Each structure stands twice: as structure tokens, then as C-alpha cells.
2 protein chains.
Amino acid sequence: MKGRMMCDMRGMLSFQILFLLSKRHMHGEELATEIGKRRGDKPKAGTIYPALKDLKSKKLITGKREGKLIVYSLTPSGRETMKYATDYFCRAFGDVFALRGK
Amino acid sequence: MKGRMMCDMRGMLSFQILFLLSKRHMHGEELATEIGKRRGDKPKAGTIYPALKDLKSKKLITGKREGKLIVYSLTPSGRETMKYATDYFCRAFGDVFALRGK
DNA sequence: TTAAATATATAGGTTATCCTATATTTATGC
DNA sequence: GCATAAATATAGGATAACCTATATATTTAA
């Protein structure tokens, strides 16, 4: 599927991470798996961990070590960013979905 | 609005161009304006024209000069790519929309 | 205790997407 | 014709998002 794609479909990784964390707390591997379910390809460690590091440095998420895992959740600022980003996303791409099923 | 965004929302430009061209033929400025309506910021010339050049080089769109304008439309390959890309996009981000209004 | 498995971290490279700034082409108004 | 406006083109620079490969930490199994 991805091989057939001739236009670039990268992007919105940090947004998708914030979105998933707004539903429940997750650790890195879990996030990668959830993104993989949606995109068809699970992002590699070298993709997901730098993204988490960046979101953490911007204080949008916090991580709490639980044994082998680091469980991430949104900060208040992360929740607000997520809200604005969702509005933006829906305004930008809403009509792609509106057409589905037609 | 965009200034408040603390997570990167770039991406999917070529997909959005293909999507818009699947609805009607447009020239570059027109595409930029339509994208601007959706994203809140109209992409600059240095963004849109290289993207069109790239899609053209991949034979996903063709351009026909009409006076001052170059009117673009999808090639058969562009239509097929657009279909796969839309499926991918909806699978990847469908639940962002599913939650709206809840 | 040691090995293997799992999760995380980081270095280094590529590309699309964004920008600003400058140039060129084409049509239009005087 | 000549200037202006509008559309297109391109150079050059930044960054997020992807990758591979390697390393480290932590838990589990033998």
C-alpha cells in the first residue's frame, strides 16, 4: 500500500501523538503500535523517541518511568495545543472526510 | 491561530493539491487560495510552485497554459494515487474527526 | 549470574514542506 | 511602446518527519 503511494504522506506525527495521548496514557512502544494500526506502518524507534523528546522539551507531554516503560501524558499546555491543533486539522482537511461514502 | 500552535502541522501538501484538483481544475494561485481558506494561511509562491513541479515530474498532474495561467488537472495515475492516498489518510486520521461534536 | 528480550536513546542521512527573496513571463492600462 | 500588475519560476535556508544502525538500560528467563 505505502509502496503504491506516489505522493508524500508524511506529517502530523506530533499531532497524532498528542491526539492519542488525549485518549489515554501510553508509553513509546504503545504509541508506535497505535500509530502503526492507523497508518499501516509502525514508526521505528528512531522516529518515535525523538518526537517524544521534542514534545517533552516543549512541555506538551510529561513522562513517568514505570519500570522498563516511560508512560506519557499531556500537560495542561499539551491539552490546549491539542485542542487548537484539532480545530486546525479539521478545518484544513474536513472536506476529505466529508466526501467519503459519497 | 497558527502562532499558538506548538506542534508542527506541516504536511500533506501534495495530497491536498491532488484532492482539490480531483474536484475541479485549477491554476496555481487558485490552489494556493483554496488551501489558504482551509489552513488559515495561504501558501507562498515558493511553496506551491515547487510542489506543482514535483507532482508534474511524477506525472500525477498535467498543466495546460491558458494565457497568463497554467491550469492543472489530474492524470489517470494522479486519480489512482489520489484514491489510495485518501484511503490511507482516512484510515490514519479518521478517529480525529470521529470525535468531533462529541 | 548470565543471556535474551524489551524499551528507550541517539547519531547521522534523506526528503517534503514551509519560508524569503529575486527573477521571469504574460496580460493590461496609459 | 512602456509601466504595472498578476502568475509563475527558482535559488537558498530551516525544520519535522521519516529511515538505518548502534548503544544503553531494564526486566525476565535459563
Side-chain angles (χ1 to χ4, degrees), chain A residues 2-3 5-20 25-36 38-58 60-72 81 85 88-89 92-93, chain B residues 1-3 5-19 25-36 38-58 60-72 81 85 88-89 92-93:
Chain A
K2 204 190 183 185
M5 208 80 73
M6 296 178 71
C7 79
D8 192 271
M9 296 300 283
R10 285 182 302 177
M12 309 289 167
L13 179 63
S14 56
F15 169 63
Q16 196 164 29
I17 291 172
L18 294 183
F19 173 76
L20 290 169
H25 302 176
M26 283 184 238
H27 60 270
E29 262 301 308
E30 217 174 352
L31 279 163
T33 300
E34 285 298 321
I35 291 168
R38 288 163 176 79
R39 301 198 181 188
D41 269 296
K42 181 172 163 173
K44 306 298 177 284
T47 300
I48 203 80
Y49 292 109
L52 289 169
K53 190 185 178 186
D54 180 64
L55 288 170
K56 201 172 161 190
S57 82
K58 289 176 178 157
L60 300 177
I61 63 175
T62 44
K64 193 175 162 225
R65 176 134 247 167
E66 290 183 8
K68 180 164 50 172
L69 312 174
I70 299 177
V71 177
Y72 289 98
T81 294
Y88 174 88
F89 188 83
F93 298 109
Chain B
M1 161 57 163
K2 205 190 185 185
M5 209 79 72
M6 297 181 70
C7 80
D8 192 272
M9 297 300 282
R10 285 184 302 178
M12 308 289 168
L13 179 64
S14 56
F15 169 62
Q16 195 163 29
I17 291 172
L18 294 183
F19 173 76
H25 302 176
M26 282 183 241
H27 60 269
E29 262 301 307
E30 217 173 351
L31 279 162
T33 299
E34 285 298 321
I35 291 167
R38 288 163 176 77
R39 300 198 181 189
D41 268 298
K42 182 171 162 175
K44 305 300 176 281
T47 300
I48 202 80
Y49 292 108
L52 289 169
K53 189 183 178 186
D54 180 64
L55 288 169
K56 201 172 161 189
S57 83
K58 288 175 178 156
L60 299 177
I61 63 176
T62 44
K64 194 174 161 225
R65 176 135 260 187
E66 291 183 6
K68 181 163 48 174
L69 312 173
I70 299 177
V71 176
Y72 289 98
T81 294
Y88 174 88
F89 188 83
F93 298 108

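Quantities reported herein were computed from a predicted structural model and do not represent experimental measurements.
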Enquirer: State which of C:dT17, C:dA7, D:dT10 makes the closest approach to the side chain of B:L13.
Expert: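 Comparing C:dT17, C:dA7, D:dT10 against the side chain of B:L13, the answer is C:dT17.
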
Enquirer: Please tell me which of the listed nucleotides, D:dT26, C:dT26, C:dT10, lies nearest to the side chain of A:R65?
Expert: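 Ranking D:dT26, C:dT26, C:dT10 by closest atom to the A:R65 side chain puts D:dT26 first.
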
Enquirer: Report yes or no: is there a donor-acceptor pair, N or O only, under 3.5 Å between the side chain of A:R10 and the base of C:dT17?
Expert: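 Not at all, since no donor on one side and acceptor on the other fall under 3.5 Å apart.
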
Enquirer: To the nearest 0.5 angstrom, please state how far the NE2 atom of A:H27 sits from the CZ atom of A:R65.
Expert: 11.5 Å

Enquirer: Using the closest heavy atom to pick a nucleotide of DNA chain D for each, name whichever of A:A51 or B:K68 lands nearer the 5' end.
Expert: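 The residue whose closest nucleotide sits nearer the 5' end is B:K68.
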
Enquirer: Provide, to the nearest angstrom, the distance between the CE atom belonging to A:M12 and the P atom belonging to C:dT17.
Expert: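 Atom-to-atom, A:M12 to C:dT17, this comes out as 11 Å.
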
Enquirer: Which one, C:dA9, D:dA7, C:dT10, comes nearest to the side chain of B:L69?
Expert: D:dA7

Enquirer: Under 4.0 Å, counting only non-hydrogen atoms across every strand here, what does B:G46 touch: a base, just sugar-phosphate, or nothing?
Expert: base

Enquirer: Could you give the distance from OG1 (A:T62) to CD1 (A:I70), rounded to the nearest 0.5 Å?
Expert: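 That separation rounds to 11.5 Å.
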
Enquirer: Compare the minimum distances between each of D:dA17, D:dC19, C:dT8 and the side chain of A:I70, then state the nucleotide with the smallest one.
Expert: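 From the listed options, C:dT8 comes nearest.
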
Enquirer: For the pair made of OH in B:Y49 and P in C:dT25, what is the distance, rounded to whole Å?
Expert: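 The distance from OH of B:Y49 to P of C:dT25 comes to 15 Å, rounded to the nearest Å.
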
Enquirer: Whole-Å distance between D:dA17 C1' and B:F15 CZ?
Expert: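 Taking atom C1' of D:dA17 as the reference, CZ of B:F15 is at 18 Å.
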
Enquirer: Provide, to the nearest angstrom, the distance between the CG atom belonging to B:L31 and the P atom belonging to C:dT17.
Expert: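 Going from CG in B:L31 over to P in C:dT17 covers 13 Å.
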
Enquirer: Using only side-chain N and O atoms of A:K53, determine if any of them is under 4.0 Å from OP1 or OP2 of C:dT10.
Expert: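 Yes, A:K53 has a side-chain N/O under 4.0 Å of OP1/OP2 on C:dT10.
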
Enquirer: Could you tell me how the ring of A:F89 sits relative to the ring of B:F93: parallel (under 30°), tilted (30 to 60°) or perpendicular (over 60°)?
Expert: tilted

Enquirer: Check the distance between D:dC19's C1' and A:I48's CD1 and give it to me in whole angstrom.
Expert: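 So the CD1-C1' distance, A:I48 to D:dC19, works out to 14 Å.
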
Enquirer: Using atom CD1 of B:I35 as one end and atom C1' of C:dA16 as the other, report the distance to the nearest whole Å.
Expert: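 My rounded result for the distance is 14 Å.
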
Enquirer: To the nearest 0.5 Å, tell me how far B:S14 OG sits from A:M9 CE.
Expert: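 It comes to 8.0 Å.
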
Enquirer: Under a plain distance cut-off of 3.5 Å, with no hydrogens placed, do A:R38 and A:Q16 share a side-chain donor-acceptor pair?
Expert: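 A:Q16 vs A:R38: no donor-acceptor pair found between side chains.
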
Enquirer: By nearest atom, which of the nucleotides C:dA7, D:dC18, D:dT8 is closest to the A:T47 side chain?
Expert: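 From the listed options, D:dC18 comes nearest.
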
Enquirer: What integer distance in Å separates B:L18:CG from C:dA16:C1'?
Expert: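 Checked: the CG to C1' distance equals 14 Å.
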
Enquirer: Atom CG of B:D54 to atom P of D:dA9: distance rounded to whole Å?
Expert: 14 Å

Enquirer: Between A:E66 and A:S14, who's closer to the 5' end of DNA chain D by nearest nucleotide?
Expert: A:S14

